[in-house]
Participant: 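Supplied in structure tokens, the structure appears directly below.
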Amino acid sequence: MQLGLALLHALKDHGAREIFGIPGDFILPFFRQIEDSGVLPLYAFSHEPSLGFAADAAARVNCGLGVVAVTYGAGALNLVNAVAGAYAERSPLVVIAGSPGKLEACAGLVLHHQVKTVDSQYRIFREITCDQVCLDDPDTAAADIARVLRSCREYSQPVLIELPRDIVGRDCAPVEALKPTAWSEAAVAEAADEWLLRLAEAKRPVLVVDVEVRRFHLEAQVAELARRLGVPVVTTFMGRGLLCETDLPVHGTYLGVAGHGEITELVEGSDLLMMLGCILSDSNFGVAGKRLDFHHALIAAGREVRIGHHLYPNIPLAALVRALLAKAGAPAPAVLPRPVEYAHDLPRDDQRLRASDLAVALNDQIRARGAFPIASDIGDCMFCAMELTPTPMVGPGYYASMGFGVPSGLGLQATSGQRPVILVGDGAFQMTGWELGHCRRYGLDPIVIVLNNQTWEMIRVFQPESRCATLGDWHYAELAKTLGGRGERVTTRAELAAALDRAFDTRGQFCLIEAMLEPGDCTPTLKRFADGIKALRARQVG
Ligand code: S1T
């Protein structure tokens, strides 16, 4: 079988559903194989960062692999920020980057797209991937592909596959998926026993869930475990939307001083935090009202389990959850706190639209039409998402790169067929909003809400005197028609509600709603988050 085709079949067998790519001469032969074979559909966007965000979102949604194919140098290095975000947020992304063939690599000339040396690209990607290979030997290619794709799945982090231009047509063996990396069941059992012993001694245990629960497809099992243990469940900021497709009542999202008081008290007043799949990042735990002592927590993430000062290495999260379920017995009778209520019933009046109205209007739509997936950028739109009735969501909650919103919504719909609502600020929309122009050719029709406060509000909130944060009014709704969609600009609560009704009732084209907000207006959650960070920094300085 031709090496390029073996790679395509292996990607599909390991859970890829599509490829996002922009070709270049170093990878054109592979693009021909992609398009001729039809093994995986190809989505070409306008700028490589968008490919990375879209593929990252596809991986998060389909719990499989996200795949990007780009040319050598200029293409691959354009992707670095999006891959870094996938690495930081544990997203299984396969980067296929073209590279020079043997002859051109030793032609004695520096090549177009080359940086310092021919393998600079490879070296740069080593910092943002968990495994790498250059497929320069057809005899070892099948084994190399199998190894790298297993790493991608098992560590749920990006990998690099460099594809020299002259190799894709060479014959190689079909790729046989490797067995999972072995672990010790005895160690899993010991960790689960100690975990349950700590739980039996606790008076106010809480289960905190985060991204790896999704990445390793464990939401149903974790919901069952929570029921068996009879403990309240909260998500982290990054884990927002987790378990909402199970029938387990998640109590809310922990946001420290920026969140709902009863959730903050539940977590910060707990004598045992059981943390499944959590990234101990500042966005998840940085605005704690009371410093959290993780040495008294039970932490399972990054393929290891920490219980107090005990470390159990090489324990897959799935193996631990399985062992806990086996040992937890029947559901424990539990009187659990009431889950947080989310605001509904936005008045349809001529009152000036405020950032706090957006979530209320969307909660009304969720109640009327059922849950829909959210793709959020970073900015106040992400804090708006925290005020929604929990619904499946993708967003750069920790690495926090702007530009994620629109492409991730396109990737979400491409891989799942579900129509997302994309939440994006005007600043981030300026970075990647243009990709909406591809909806027409791929039959995508997201609803896009641009929170147009005409500023980089999250910058202004921390440094009001920053004049560079003033963006002006770009009239984004008028752009929509040019890009093949529908656009409406709304300034009152009634206009927003009506525009959302029309958008949900319109299929077959993207619908952009430009929500005009006063500069300086932000959601209550962002206000509390910013005040919390400022108070924290003041304490650190003081
Ligand atoms: N560049 C990139 C690629 N990502 C970033 N996160 C930043 C810069 C810094 C940054 C933020 S939030 C923000 C910037 C520039 C402003 C976002 O503006 P907009 O999209 O209009 O949203 P809003 O007005 O709601 O803030 C984070 C803090 O690092």
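In each ligand, atom 1 is the first atom listed, and ligand 1 is the first ligand listed. Below, each value reflects all heavy atoms present in this structure, side chains not excepted, and no hydrogens, waters or symmetry copies.
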Participant: With ring centroids as reference points, do Tyr72 and His113 lie under 6.0 angstrom apart?
Facilitator: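 Between His113 and Tyr72, which both carry aromatic rings, the centre distance is not below 6.0 Å.
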
Participant: Any chance the rings of Tyr398 and Phe237 have centres within less than 6.0 Å?
Facilitator: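 No.
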
Participant: If we only consider heavy atoms of Leu451, is any one of them less than 4.0 Å away from an atom in ligand 1?
Facilitator: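 The answer is no, since Leu451 has no heavy atom less than 4.0 Å from ligand 1.
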
Participant: Protein heavy atoms near atom 15 (C) of ligand 1, is at least one of them under 4.0 angstrom away?
Facilitator: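 Looking at atom 15 (C) of ligand 1, one finds that a protein heavy atom does lie closer than 4.0 Å.
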
Participant: Using a 4.0 Å cut-off to any heavy atom of Gly427, which atoms of ligand 1 qualify?
Facilitator: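 Within the 4.0 Å cut-off of Gly427, ligand 1 contributes 19 (P), 20 (O), 21 (O).
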
Participant: Need the ligand 1 atom indices (1-based, order shown) with element for anything under 4.0 Å from a heavy-atom of Asp426.
Facilitator: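 That gives atoms 21 (O) of ligand 1.
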
Participant: Nearest to atom 4 (N) of ligand 1 by heavy atom, Arg460, Met402, Glu457, Met458: which?
Facilitator: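 Selected option, by shortest heavy-atom distance: Met402.
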
Participant: Any nitrogen or oxygen of Thr455, main chain or side chain, under 3.5 Å from a nitrogen or oxygen of ligand 1?
Facilitator: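 By distance alone, the answer is yes.
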
Participant: Hey, what's the ring geometry for Tyr342 with His260, parallel, tilted or perpendicular (30° and 60° as the breaks)?
Facilitator: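 Perpendicular, since the angle between the ring planes exceeds 60°.
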
Participant: Report yes or no: is the cationic atom of Arg537 (NZ for Lys, CZ for Arg) under 6.0 Å from the centre of the six-membered ring of Phe462, at an angle within 45° of the ring normal?
Facilitator: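 Pair Arg537/Phe462 counts as cation-pi.
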
Participant: Kindly say whether the aromatic ring centers of Phe26 and His112 come within a distance under 6.0 Å.
Facilitator: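 Centroid separation for Phe26 and His112: below 6.0 Å.
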
Participant: Quick check against the 3.5 Å criterion: does Arg486 have a side-chain atom that pairs as donor or acceptor with the backbone of Phe510?
Facilitator: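 Flag not set: sc Arg486 to bb Phe510 has no pair under 3.5 Å.
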
Participant: Determine whether the side chain, the backbone, both or neither of Asn453 has a heavy atom under 4.0 Å from any heavy atom of ligand 1.
Facilitator: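 It is the side chain that gets close, since no backbone atom is under 4.0 Å.
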
Participant: Would the Tyr399 and Tyr87 ring centres measure less than 6.0 Å apart?
Facilitator: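 Here the rings of Tyr87 and Tyr399 have centres that are no less than 6.0 Å from each other.
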
Participant: Have a look at Val95 and tell me which of Val159, Val80, Leu79 forms a side-chain contact (heavy atoms from CB on, under 4.5 Å) with it.
Facilitator: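 Only one of Val159, Val80, Leu79 forms a side-chain contact (heavy atoms from CB on, under 4.5 Å) with Val95, namely Leu79.
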
Participant: At under 4.0 Å between heavy atoms, is it the side chain or the backbone of Ala428 that contacts ligand 1, or both, or neither?
Facilitator: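 Under 4.0 Å from ligand 1, Ala428 contributes backbone and side-chain atoms.
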
Participant: Return the residue, atom name and 0.1 Å-rounded distance of the protein heavy atom closest to atom 25 (O) of ligand 1.
Facilitator: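 Of every protein heavy atom, Asp380 N, 2.8 Å lies nearest to atom 25 (O) of ligand 1.
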
Participant: Which residue holds the protein heavy atom closest to atom 18 (O) of ligand 1, what is that atom called, and what is the gap in Å?
Facilitator: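 In this structure, atom 18 (O) of ligand 1 has Trp456 CD1, 3.3 Å as its nearest protein heavy atom.
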
Participant: Taking the non-hydrogen atoms of Ala400, is any one of them nearer than 4.0 angstrom to ligand 1?
Facilitator: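 Within the 4.0 Å threshold, so yes.
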
Participant: I need the atoms of ligand 1 closer than 4.0 Å to a non-hydrogen atom of Ser401, numbered in the order shown.
Facilitator: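 This gives 3 (C), 4 (N) as the contact atoms.
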
